[in-house]
Amino acid sequence: GLWCVVPAGGAGTRLWPLSRESYPKFLLDLTGSGRTLIQSTWDRLLPLAGSSQLMVVTGGAHVDPVMGQLPDLEEANVFAEPSPKESMAAIGLAAAVLKRRDPDAVLGSFAADHIISGRDAFESAVTEAVAVAKAGYLVTIGIAPSHPSTGFGYIKLGESLHQPDAPNARKVTEFKEKPDARTASAYLSTGNYRWNGGMFVVKAAVLMDLLKGTVPALHDGLEKIADAWDTPARQSVLHEIWPTLDKIAIDHAVAEPAARSGKVAVVPATFGWDDVGDFSSLADLLPAEKGEARILGDPNMVITEGQAGGLVIPAGGRPIACLGVDDVVVVDTQHVLLVTTRARAQDVKKMVARVKARK
Ligand code: GDD
Ligand code: MG
């Protein structure tokens, strides 16, 4: 059956100060559901893989909170990285180890920090993706784009694969990671592109073969680590080789080049998907009282009058009052108070850089 890997890295900088390097986005409940993003990811994958086939790759500092939040995650399925090396090293490590445990294994990689609605539609898309992966493709899930975002990968839809157990699957004729604004607009106007949903379903051995052809040094390093993984030499080999690995996203390392040689497929999604990149998109996900701010947290801690379109997050332990300020974002934490507007939500990461520079 399917093995799932959840790469959990990145600091979610645009959601600072709620999300921090020491306590990133995937550890937070951003919907008020009572489950954090990585817990919801786990809940969603469990029916597809079963808990003994769910893996997490995360930074050494996040292993304890991740295991605390996911009590059924098995220790053998936790991969601790010595340092962040981006998504290719994280997913590739899981693939290289898995390939040794099960040569025919199909691996699904699912981001730790997305919000997805429509459980049945999600499961049927992944089931189709698994069927296509068995035929040797690197399979993506395509999200219908709503605006010309420059923060996503873009997938150009090709012809149907005509695979009976995956009737919606299509070939991908181009994969372009994070195009510039002009290119994104041009793609959108053709109606023939989907956003890459950040999910990849592929045979572990196929992924490693693709990587061997595109970034051989990274492939070789990961294979050496995997050779030592289930031996007493694991830690010494890991700490020797990991710092030398290329820092590259799976999208650039494998998806873009593999699409050029016709090895990428896509299953268009019919479920709801959001990557909650910034406070403005977070606000859109929360219920709104007419003409008042949206609130993440305890509504008793917030008093507003005339704050249409805004977002208030009272996570600092004290009440927040807002009067007559539209589209304002107020995020209070024990460390920092952030006040900004929804229009500038994308720029919050610039402030993080400035705060870091001050230290
Ligand atoms: N363990 C680990 N270590 N995980 C990492 C690391 C790392 O160093 N870097 C990134 N990740 C994880 C993230 O936590 C996330 O689950 C996944 O890998 C993707 O990384 P992001 O940094 O969130 O990528 P992105 O959002 O810029 O772009 C990707 O996702 C988009 C959809 O949200 C790409 O796949 C795009 O094509 C896609 O559209
Ligand atoms: Mg992301």
Side-chain angles (χ1 to χ4, degrees), residues 4-15 19 21 23-28 30 36-38 40-42 44-45 55-63 65-66 77-95 97 108-116 138-156 172 174-179 184 187 193-202 218 222 238 242-243 245-256 258-259 264 266 269 272-278 281-282 346 349:
C4 294
V5 60
V6 177
T13 319
R14 283 170 298 164
L15 293 176
S19 172
E21 248 164 48
Y23 212 78
K25 184 181 162 190
F26 57 82
L27 296 172
L28 302 172
L30 292 180
T36 66
L37 294 184
I38 199 168
S40 302
T41 304
W42 175 276
R44 192 185 306 132
L45 298 177
M55 306 180 283
V56 175
V57 188
T58 195
H62 299 132
V63 168
V66 164
N77 289 343
V78 181
F79 297 75
E81 301 163 329
S83 61
K85 286 287 185 180
E86 295 202 24
S87 58
M88 188 64 249
I91 298 165
L93 174 62
V97 171
S109 173
F110 299 89
D113 54 4
H114 291 162
I115 290 178
I116 286 173
L138 173 70
V139 193
T140 56
I141 306 282
I143 311 292
S146 58
H147 62 284
S149 168
T150 55
F152 298 133
Y154 283 72
I155 290 167
K156 189 173 185 187
V172 170
E174 183 192 2
F175 186 114
K176 175 74 183 160
E177 178 65 7
K178 298 191 176 71
Y187 285 167
Y193 283 81
R194 293 287 178 275
W195 285 338
N196 169 32
M199 298 167 241
F200 296 94
V201 183
V202 59
L218 178 54
L222 291 169
L238 179 65
W242 193 264
L245 298 181
D246 296 86
K247 234 178 165 172
I248 185 168
I250 187 171
D251 316 272
H252 290 298
V254 165
E256 283 188 343
V264 181
V266 59
W273 177 91
D274 201 297
D275 89 326
V276 254
D278 60 46
S281 53
L282 176 58
Q346 287 278 340
K349 63 168 176 263

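Both ligands and their constituent atoms are indexed starting at 1 by order of listing. All values reported here derive from a predicted model rather than from experimental measurement. Atoms considered below: every heavy atom in the structure, side chains included; atoms not considered: hydrogens, waters and symmetry mates.
A pairwise comparison of heavy atoms in Trp195 and His147 identifies CZ2-O, 3.1 Å as the closest pair. Heavy atoms only, all atoms of each residue included: Val57 and Ala90 are closest at CG2-O, 3.5 Å. In plain terms, the two heavy atoms of Ala269 and Ile143 that are nearest each other are CB-CD1, 3.8 Å.
Residues Asn77 and Val56 are not in side-chain contact: their nearest non-hydrogen atoms beyond the backbone lie 4.5 Å or more apart. No side-chain heavy atom of Tyr193 sits less than 4.5 Å from a side-chain heavy atom of Lys176.
For ligand 1, the 4.0 Å heavy-atom shell takes in Pro7, Ala8, Gly9, Val57, Thr58, Glu81, Pro84, Lys85, Glu86, Ser87, Ala90, Ala111, Ala112, His114, Phe152, Gly153, Glu177, Lys178, Asn196, Gly198, Asp251, Trp273, Asp275, ordered by chain and residue number.
Paired with Met88 under the rule side-chain contact (heavy atoms from CB on, under 4.5 Å), one option of Leu245, Leu218, Asp251 passes, and it is Leu218.
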